[in-house]
Protein chains: 2
Amino acid sequence: MLIRSLEIFQAVVDSGSFSAAAERLHTVQSNVTAHIKKLESELGVRVLERRNPVALTSAGHQLLGYARRIGDLHSEALNHFKGGGEPTGELRLGSMETTAAVHLPRVLPAFSRRWPAVSLNLRTSPSACLLDELREGRLDAAFVIAGNVGDGLAMRPVFRERLVLVSGRPLESVPCAAELSRTSFLSFRQGCGYRQTVSVLLAEQGAPPAPVHELGSLDAILGCVSAGMGLAVLPESTVRQYRHRYPLHTVALPEALSAVTTAIATAGEETWSQPLRAFMEGPWLPDLNEPSRPALASV
Amino acid sequence: MLIRSLEIFQAVVDSGSFSAAAERLHTVQSNVTAHIKKLESELGVRVLERRNPVALTSAGHQLLGYARRIGDLHSEALNHFKGGGEPTGELRLGSMETTAAVHLPRVLPAFSRRWPAVSLNLRTSPSACLLDELREGRLDAAFVIAGNVGDGLAMRPVFRERLVLVSGRPLESVPCAAELSRTSFLSFRQGCGYRQTVSVLLAEQGAPPAPVHELGSLDAILGCVSAGMGLAVLPESTVRQYRHRYPLHTVALPEALSAVTTAIATAGEETWSQPLRAFMEGPWLPDLNEPSRPALASV
DNA sequence: CGTGCATTATCATTATTTGTGATGATACCT
DNA sequence: AGGTATCATCACAAATAATGATAATGCACG
C-alpha cells in the first residue's frame with residue numbers, strides 16, 4: 001500500500017470523481033483508476049462505488065479513516081523536517097551536575113517559553129558518560145567539559161568556570177603536600193571532568209594520591225564537605241549558589257588548573273533535529289568563541 | 001516518502017546494521033542503502049550514523065517516532081481488511097422506526113456483546129430515505145420494507161410483520177368506505193413503507209384519499225391514535241409492545257395487505273466492511289429465506 | 001602500523017511499477 | 001437518439017526499486 005495511493009483515494013472522495021481527482025493532483029485519470037484498482041485488489045474489497053458522484057462503500061468508509069490518519073501523519077512528518085513549522089517533539093539533553101544546577105535554570109526556561117511544543121528531557125551524568133550517550137544517539141546534545149573528543153562530535157564553548165578548592169573550614173591557601181595527604185576528596189563518580197583536576201593538583205603539590213569518595217549528588221558532596229569530611233574541587237559559581245545552604249569556604253587554585261570551559265557537544269550539524277537546531281541557534285546559549293582548552297579535557 | 005522506506009529504516013534501527021536489515025526483509029544491502037539515502041535526501045538531514053552498530057542521529061530519533069506511528073497505522077489498516085483480526089470501527093445502521101423499536105433491541109445487544117470493538121451508529125428514517133443513504137454510502141446497512149430496489153443493493157428478508165389497523169376505540173372490522181372517508185390517518189413522514197398500505201386500503205374500500213397526518217415518532221402516533229385523533233397502520237408486533245402504555249385496539253387487515261417483510265439492505269457483498277460482514281453473518285439476524293413480496297415495496 | 005573482518009557505498013543492470021495518452025465502454029440527462 | 005459526462009482498458013514511455021558484483025571504509029587485534 002502506497003501513501004500515494006491513499007492520497008489519490010482521498011482526492012477522489014473529496015472531489016467526487018476520478019477525473020477531477022486526477023486534475024487536482026496533476027496527473028491523468030487512468031493513473032487514478034490504476035491506483036484505486038490496486039488498492040482494492042490489495043485489500044480485497046471494493047472501496048468506491050463508481051457513480052456520479054462516486055460513493056464510498058462500507059469498506060471504503062473505513063479505509064478513508066486510515067487514509068486520513070496516515071496522510072496526516074505523513075504530512076506532519078514532512079513538515080517537521082522540511083516545512084518551516086514550529087519545532088516539536090523531544091529534545092534530549094545531558095549535562096554535568098554542576099552545569100545543570102548553576103546555568104541551565106537560566107537556559108531551559110527561556111527555550112521552553114520560546115518553543116513550548118518541545119518537550120525537554122534532561123539527564124545529568126559525568127562528561128565521559130554523556131559523550132558516550134551522544135555517540136550512541138541517546139542524547140541530542142550534552143553540556144560537558146570542553147576538550148577535543150576526536151570523533152565527529154562538535155563542541156561549542158558556552159560557559160567559563162573557575163574551579164576552587166572547597167572546604168568546610170576557612171583556608172588560607174591550597175594546603176601543603178603533607179596536609180593534603182591526610183585529607184580525603186569528595187567528587188562525582190568516575191568520568192567527571194573536575195575529578196581529573198584533583199589528581200593534577202595532588203601531583204603538582206607532590207602529594208600522594210588521596211582517597212576520593214564518589215558521591216552522586218551535588219548536595220551530598222557539599223553537605224559532607226561543609227561537615228568537614230574532606231575537600232572538593234568545584235566551579236566557583238556552583239559553590240556560590242550553594243553557599244546560603246551550607247557553611248562553605250573556598251580557596252583559589254593556580255590559574256592553570258582553575259580555568260575550565262563548559263561546552264555543548266553535539267553531532268554534526270547535518271544530523272540535527274529541528275528542536276536541537278532551535279536550541280543551538282537561540283539566544284539562550286552564550287557563545288564563547290575561543291579555542292577550548294585541551295588540558296584536563298576528555299575523560 | 002514511501003512506507004517501504006520507513007519500514008526499512010525501522011529494520012535498520014532494530015537490527016543495528018544495513019546488511020542485517022536487508023536479510024531480515026529478504027532483500028539486499030544495496031537496496032537498504034538506497035532507501036535510507038533517499039529518505040535522507042528527502043528530509044534534508046542524516047538520520048543514521050553509519051557505525052557498528054548504527055546509531056540514530058538526533059533527527060533520526062524523531063523520524064523513528066513517525067516511522068513507528070505510520071508503520072503501526074499501516075499494518076493496522078492491512079490487518080483490518082485482510083488479517084483475521086477482530087472487527088473494529090464503526091457500523092452505520094439505518095432502520096425504520098418500528099423495526100428499531102421492536103426488533104433491534106434483541107439484535108444490537110447480542111452483536112455488541114460479541115464484537116465490543118465495533119461502535120454502532122443507528123439512525124431511523126423512512127425506508128426510501130434509508131435506501132438513498134445506503135446508495136450514497138452514508139449507511140452500511142438498513143432495515144427497510146422488502147422489495148426489489150432495482151440497483152445494486154442486496155436485500156435479505158429478516159422479519160415478517162402483520163400490519164393491523166390501529167384505533168383508540170374498539171373496532172369490529174375494517175370500517176366501511178363512508179366511515180373511512182370521515183377518518184384521518186396518522187403515519188410517518190413521506191417515504192414510509194407502511195404509509196403506502198393506507199392508500200391501497202382506502203382504494204380497495206372505495207373510499208376517497210383520507211387526510212394523512214405525518215408524525216415523526218412512534219410514541220406520537222400511538223399516543224394520538226389512542227386519544228382518538230385517527231387511525232394508523234402499523235405492524236402488530238409494534239402495537240403489542242406499546243399496548244401497555246396506550247389504550248389501543250387493533251383490527252386485522254386483508255391478508256394481501258397485511259403481510260409485509262422487513263429486510264436488511266446492503267450494497268454488494270464485495271464492498272462490505274469487516275464490521276458489516278460480522279453483522280450480516282452472525283446469529284443475531286434471522287434469515288427468512290423466502291422470495292420477498294414485491295407488492296407495496298419500494299417507496 | 002598493517003592485516004583481516006566486518007561494515008556500507010557505488011555502479012551497471014534488470015525487473016517492476018508508475019505515469020501517460022488514446023480509445024472504448026457505459027451511464028445519464030435532455 | 002444524441003450529447004456529455006463518467007470510468008476502464010490498453011500499449012507504451014518514464015521512473016524507480018531491486019539485484020549482484022565490486023570497491024571503499026571503518027574497526028579490532030595482533
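Note that these values count all heavy atoms, side chains included, but never hydrogens, waters or copies made by symmetry. Chain letters run A, B, ... following the sequence lines, proteins first, then strands; residues in each count from 1.
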Please report the interatomic distance CG(A:D72) to CG(B:L73), rounded to the nearest 0.5 Å. 10.0 Å
Axis-to-axis angle across the helix from C:dC1-D:dG30 to C:dT30-D:dA1, five pairs each end, nearest 10 degrees, ~ 30°
Looking at DNA chain C, which of residues 36-46 of chain A put a heavy atom within less than 4.0 Å of it? A:K38
Output yes when a side-chain donor or acceptor of A:R156 lies under 3.5 Å from a complementary backbone atom of A:M280, and no otherwise. yes
How would nucleotides 20-30 of chain D be written as a contact map, 5' to 3', with B for base contact, S for sugar-phosphate-only contact and - for no contact, using protein heavy atoms under 4.0 Å? B----------
Would a distance-only check, ignoring hydrogens and angles, find a side-chain to backbone donor-acceptor pair under 3.5 Å from B:W272 to B:A267? yes
Would you classify A:V54 as touching base, sugar-phosphate or nothing, given that sugar-phosphate means primed atoms plus P, OP1 and OP2, and contacts are heavy atoms under 4.0 Å? sugar-phosphate
If only atom types and distance count, is the side chain of A:S15 paired as donor or acceptor with the main-chain N or O of A:A11 below 3.5 Å? yes
Before accepting this row, confirm whether a basic side-chain N of the pair B:R123/B:E133 lies closer than 4.0 Å to the acidic partner's carboxylate O. yes
A:R4 atom CZ is separated from C:dT18 atom C1', nearest whole Å, by 9 Å
Would you call B:E40 and B:K37 a salt bridge, taking side-chain N to carboxylate O under 4.0 Å as the test? no
The single option from B:V118, B:L120, B:N121 passing side-chain contact (heavy atoms from CB on, under 4.5 Å) against B:E90: B:N121
Is the backbone of B:R92 close enough, under 3.5 Å, to the side chain of B:D140 for a donor and an acceptor to pair up by distance? yes
Using only heavy-atom distances, determine whether the side chains of A:S273 and B:H61 contain a donor-acceptor pair under 3.5 Å. no
Determine all donor-acceptor pairs shorter than 3.5 Å in which one atom belongs to a side chain in residues 21-31 of chain B; sequence neighbours excluded.
residue : atom : partner : partner atom : Å
B:T27   : OG1  : B:N31   : ND2          : 3.0
B:Q29   : NE2  : B:T33   : OG1          : 3.1

Aromatic plane relationship, B:H80 with A:Y66 - under 30° parallel, 30 to 60° tilted, over 60° perpendicular: perpendicular
Whole angstrom value for the distance that separates C1' of D:dA18 from CG of B:L25: 13 Å
Between C:dA9 atom P and B:H35 atom NE2, what is the distance in whole Å? 14 Å
Main-chain N/O of B:I145 paired to B:S127 side chain as donor or acceptor, under 3.5 Å: yes
Give a yes/no answer on whether the side chain of B:T33 brings an N or O atom under 4.0 Å of OP1 or OP2 in C:dT8. no
Taking CD from A:E49 and P from C:dA27, how many angstroms apart are they, rounded to a whole number? 13 Å
For the pair made of CZ in A:F18 and C1' in D:dA5, what is the distance, rounded to whole Å? 15 Å
Taking A:R68 for its side chain and A:Q10 for its backbone only, find out whether a donor-acceptor pair lies under 3.5 Å. no
Sub-4.0 Å heavy-atom contacts from residues 6-14 of chain A onto DNA chain C, ordered by number: none
Length of the CD-C1' vector between B:E23 and C:dT8, whole Å: 15 Å
Nearest 0.5 Å, what's the CG-CG distance between B:L93 and B:L134? 10.5 Å
Can you tell which of D:dT6, C:dA9, D:dT9 lies closest to the side chain of A:S19? D:dT6
Can you measure from CD (B:E42) to CZ (A:F81) and round to the nearest 0.5 angstrom? 11.5 Å
Do any N or O atoms of the protein come closer than 3.5 Å to N or O atoms of nucleotides 12-15 of chain D, and which pairs are they?
none

Backbone of A:A154 reached by a side-chain donor or acceptor of A:E269 within 3.5 Å: no
